[in-house]
Q: 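Please find one structure pasted underneath; my questions will follow.
Just so it is clear: chains get the letters A, B, ... in the order the sequence lines come, proteins before strands, and each one is counted from 1.
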Protein chains: 4
Amino acid sequence: MILRIDFDSEVPIYVQIKNQVIEGIARGEIEGDEELPSVRVLAEDIGVNMHTVNKAYTMLKEEGYIKIDRRKGAIVSLNLDQSMNRFKEDLNENLYYYMAQCYNRGLSKDEIKDYIDKVFLDFNKE
Amino acid sequence: MILRIDFDSEVPIYVQIKNQVIEGIARGEIEGDEELPSVRVLAEDIGVNMHTVNKAYTMLKEEGYIKIDRRKGAIVSLNLDQSMNRFKEDLNENLYYYMAQCYNRGLSKDEIKDYIDKVFLDFNKE
Amino acid sequence: MILRIDFDSEVPIYVQIKNQVIEGIARGEIEGDEELPSVRVLAEDIGVNMHTVNKAYTMLKEEGYIKIDRRKGAIVSLNLDQSMNRFKEDLNENLYYYMAQCYNRGLSKDEIKDYIDKVFLDFNKE
Amino acid sequence: MILRIDFDSEVPIYVQIKNQVIEGIARGEIEGDEELPSVRVLAEDIGVNMHTVNKAYTMLKEEGYIKIDRRKGAIVSLNLDQSMNRFKEDLNENLYYYMAQCYNRGLSKDEIKDYIDKVFLDFNKE
DNA sequence: GTGGTCTAGACCACG
DNA sequence: GTGGTCTAGACCACA
């Protein structure tokens with residue numbers, strides 16, 4: 001799996017890393033029990049500091065996507081129930097805001113639903 | 001229309017103001033050609049710094065939601081075509097990320113679509 | 001309130017800071033809605049790096065002891081219900097271990113209970 | 001006696017081993033003069049490195065729980081007086097911190113004492 | 001080898 | 001003024 005970091009983005013680098021790992025898991029590019037590269041290796045690969053990668057991994061751990069194993073490093077291991085409530089609150093708030101913008105701009109429900117269908121094909125393909 | 005600011009939130013106050021105005025427009029609580037309260041009045045109302053409200057208004061103008069008139073203050077005036085491309089990029093990126101999370105957490109397309117239907121009822125009611 | 005840091009301790013400095021703030025709150029030395037010193041000021045005071053204090057504050061926030069306000073910095077604000085389960089698990093595990101040691105060393109239940117009574121006097125005194 | 005190692009825990013493995021042996025002694029599952037499994041065998045059993053078990057045994061020896069005999073291996077042999085002062089300091093410090101948390105969270109002295117009673121039943125049963 | 005901690009110093013966003 | 005992010009480089013504990 002290849003991470004593409006936009007250094008000019010307003011989105012913090014560690015958030016970009018975290019989000020792309022989550023997207024990679026959804027697409028099946030990263031599987032359960034798979035080991036992520038070590039913080040140092042990944043940092044080297046994408047040309048950022050070790051601490052930046054470390055922060056991304058720490059957040060992935062807190063959100064229940066990975067476990068940190070002293071022997072093997074970071075391992076994908078989904079334990080998402082614990083953070084389900086926080087996620088739903090965040091999702092509702094953000095979806096509401098984006099839907100409001102869509103409505104104001106004349107994008108219809110159906111266009112959005114079509115997009116969602118398209119995205120889910122990306123996730124179900126294997 | 002009432003703005004509810006969460007001072008404990010990680011979302012910057014000016015973003016909260018901006019977003020709630022956009023949501024208010026979608027719900028029909030704020031209509032076209034309606035004047036928004038002056039920067040000074042709104043700042044006083046919600047207990048924040050004048051500059052903070054000013055920043056929110058400036059962004060609303062940049063996104064094409066309002067016009068700033070030296071005599072009348074801020075007037076709702078939708079001119080959203082100019083920012084359509086930027087919006088779509090942002091929407092696609094964020095929806096993709098949220099859908100990835102939904103997929104990982106076992107939320108189905110249909111649940112999301114139901115939520116979208118529910119939200120749009122909020123917007124079409126007038 | 002004065003923090004005493006033991007730089008030779010195996011306990012990380014940020015943990016020492018976090019724990020002493022929690023103890024200060026229990027003793028009533030730090031009250032609700034009270035502002036903690038800024039990360040830079042406290043770091044200067046106790047002679048550590050800003051980031052170390054920042055990490056302590058971030059953990060206090062995550063455990064529900066303080067809120068971070070963009071305007072005022074860190075404010076004591078108890079919201080401990082959310083982390084109650086995690087706390088109880090941790091407490092049970094650790095108490096069990098310490099009680100096992102007490103039993104092995106011949107310390108009686110009553111001695112421990114007396115110590116607990118003594119400690120709680122420290123907390124109820126105001 | 002069965003050791004349960006949590007490889008996902010933040011508690012180092014050798015500490016988990018050490019603590020569980022101490023708890024096993026308190027519960028009477030391991031008795032005085034009993035031989036512990038050899039470093040090699042135990043390491044094999046729980047699937048960890050030999051050095052890790054060795055470190056746990058060394059600490060148990062330092063705390064006065066076992067003796068290392070070149071012929072027989074590790075033998076339970078309590079000699080806890082030497083480490084009593086260190087233990088009491090550690091106990092006081094940690095109990096104080098945990099009691100502070102209990103007080104902040106509204107857990108009463110009596111609830112804690114009840115828990116202690118319950119735990120001691122585990123130890124006195126033989 | 002791994003991650004965890006700490007330092008020193010920089011820049012930026014927010015209010 | 002505040003905290004948030006990032007870098008560079010160091011040392012340590014763990015396995």
Side-chain angles (χ1 to χ4, degrees), chain A residues 5 7 9-17 35-44 46-59 61 66-75, chain B residues 5 7 9-17 43 46-56, chain C residues 5 7 9-17 35-44 46-59 61 66-75, chain D residues 5 7-17 43 46-56 59:
Chain A
I5 304 303
F7 291 99
S9 168
E10 292 175 357
V11 181
I13 295 172
Y14 75 89
V15 174
Q16 294 185 46
I17 296 171
E35 297 174 25
L36 295 181
S38 81
V39 287
R40 282 178 181 81
V41 169
L42 183 52
E44 180 79 12
I46 57 184
V48 302
N49 190 279
M50 187 201 87
H51 293 105
T52 306
V53 176
N54 197 16
K55 185 155 188 180
Y57 279 15
T58 301
M59 295 205 67
K61 176 183 156 200
I66 66 173
K67 284 180 181 170
I68 306 292
D69 186 304
R70 272 202 185 70
R71 300 165 303 171
K72 302 184 199 165
I75 299 175
Chain B
I5 304 301
F7 291 103
S9 167
E10 290 174 4
V11 180
I13 294 171
Y14 79 88
V15 174
Q16 293 185 46
I17 296 172
I46 57 185
V48 303
N49 193 296
M50 223 184 67
H51 299 319
T52 305
V53 175
N54 201 28
K55 187 157 187 179
Chain C
I5 304 302
F7 291 98
S9 168
E10 292 175 358
V11 181
I13 295 172
Y14 76 88
V15 174
Q16 294 185 46
I17 296 172
E35 297 173 26
L36 295 181
S38 82
V39 287
R40 282 178 179 79
V41 168
L42 183 52
E44 180 80 13
I46 58 185
V48 301
N49 190 281
M50 189 200 85
H51 294 106
T52 305
V53 176
N54 198 15
K55 185 154 188 180
Y57 279 17
T58 302
M59 295 205 67
K61 176 183 157 201
I66 66 174
K67 283 179 181 169
I68 307 292
D69 186 304
R70 273 203 185 69
R71 300 164 303 172
K72 303 184 198 164
I75 299 175
Chain D
I5 304 301
F7 291 103
D8 303 326
S9 168
E10 291 174 4
V11 180
I13 294 171
Y14 78 89
V15 174
Q16 293 185 47
I17 296 172
I46 56 185
V48 302
N49 192 295
M50 223 185 66
H51 299 318
T52 305
V53 176
N54 201 28
K55 187 156 187 179
M59 295 208 67

Q: How many Å lie between CG on B/Asn54 and P on E/dG15, as a whole number?
A: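 Nearest whole value for this atom pair: 13 Å.
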
Q: Just call it for B/Val48: base, sugar-phosphate, or nothing, with non-hydrogen atoms closer than 4.0 Å on any strand.
A: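 No contact at all - B/Val48 keeps every heavy atom at 4.0 Å or more from the nucleic acid.
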
Q: With sequence neighbours left out, write down each residue that passes side chain to side chain donor-acceptor pair (under 3.5 Å) with B/Lys55, or none if nothing qualifies.
A: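 In terms of side chain to side chain donor-acceptor pair (under 3.5 Å), with neighbours along the sequence ignored, B/Lys55 is linked to no residue.
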
Q: Mapping A/Lys72 and A/His51 to their closest nucleotides on DNA chain E, which lands nearer the 5' end?
A: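 Taking each residue's closest nucleotide, the earlier one in sequence belongs to A/Lys72.
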
Q: Reading DNA chain F in the 5' to 3' direction, which nucleotide is the first one with an atom under 4.0 Å from a heavy atom of chain C, and which is the last?
A: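 First and last nucleotides in contact are F/dT2 to F/dC6.
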
Q: Of all the heavy-atom pairs spanning A/Met50 and A/Val39, show the shortest one and how long it is.
A: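 Between these two residues, the closest heavy atoms are CG-CG2, 3.9 Å.
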
Q: Find which nucleotide of DNA chain E each of C/Pro12 and B/Asn49 is nearest to by heavy atoms, and output the residue with the more 5' nucleotide.
A: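 Looking at DNA chain E, the more 5' nearest nucleotide goes with C/Pro12.
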
Q: Starting at atom CD1 of B/Ile17, determine the distance to atom P of E/dC14, rounded to an integer number of angstrom.
A: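 Going from CD1 in B/Ile17 over to P in E/dC14 covers 12 Å.
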
Q: Determine the sole option in A/Lys67, A/Arg71, A/Arg70 for which the salt bridge (Lys or Arg N to Asp or Glu O under 4.0 Å) test with D/Asp8 is passed.
A: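 Among the candidates, only A/Lys67 passes.
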
Q: With heavy-atom distances below 4.5 Å as the criterion, would you say the side chains of C/Ile17 and C/Ile46 are in contact?
A: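 Yes, close enough: below the 4.5 Å cut-off.
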
Q: Sub-3.5 Å donor-acceptor pair from the side chain of C/Glu35 to the main-chain atoms of C/Gly73, do we have one?
A: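 Between the backbone of C/Gly73 and the side chain of C/Glu35 there is no qualifying donor-acceptor contact (under 3.5 Å).
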
Q: Quick check: on DNA chain F, is the nucleotide nearest C/Ser38 upstream (toward 5') of the one nearest A/Arg70, or the reverse? Name the residue that is more 5'.
A: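 Comparing both residues, the 5'-ward one is C/Ser38.
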
Q: Roughly how far, to the nearest 0.5 Å, is OG1 of A/Thr58 from CD1 of A/Ile66?
A: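 If we round to the nearest 0.5 Å, A/Ile66:CD1 and A/Thr58:OG1 are 7.5 Å apart.
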
Q: Dot-bracket notation for DNA chain E is requested: 5' to 3', Watson-Crick or G-U wobble pairs only, both distances under 3.5 Å, with ( ), [ ], | and . as defined.
A: ||||||||||||||.

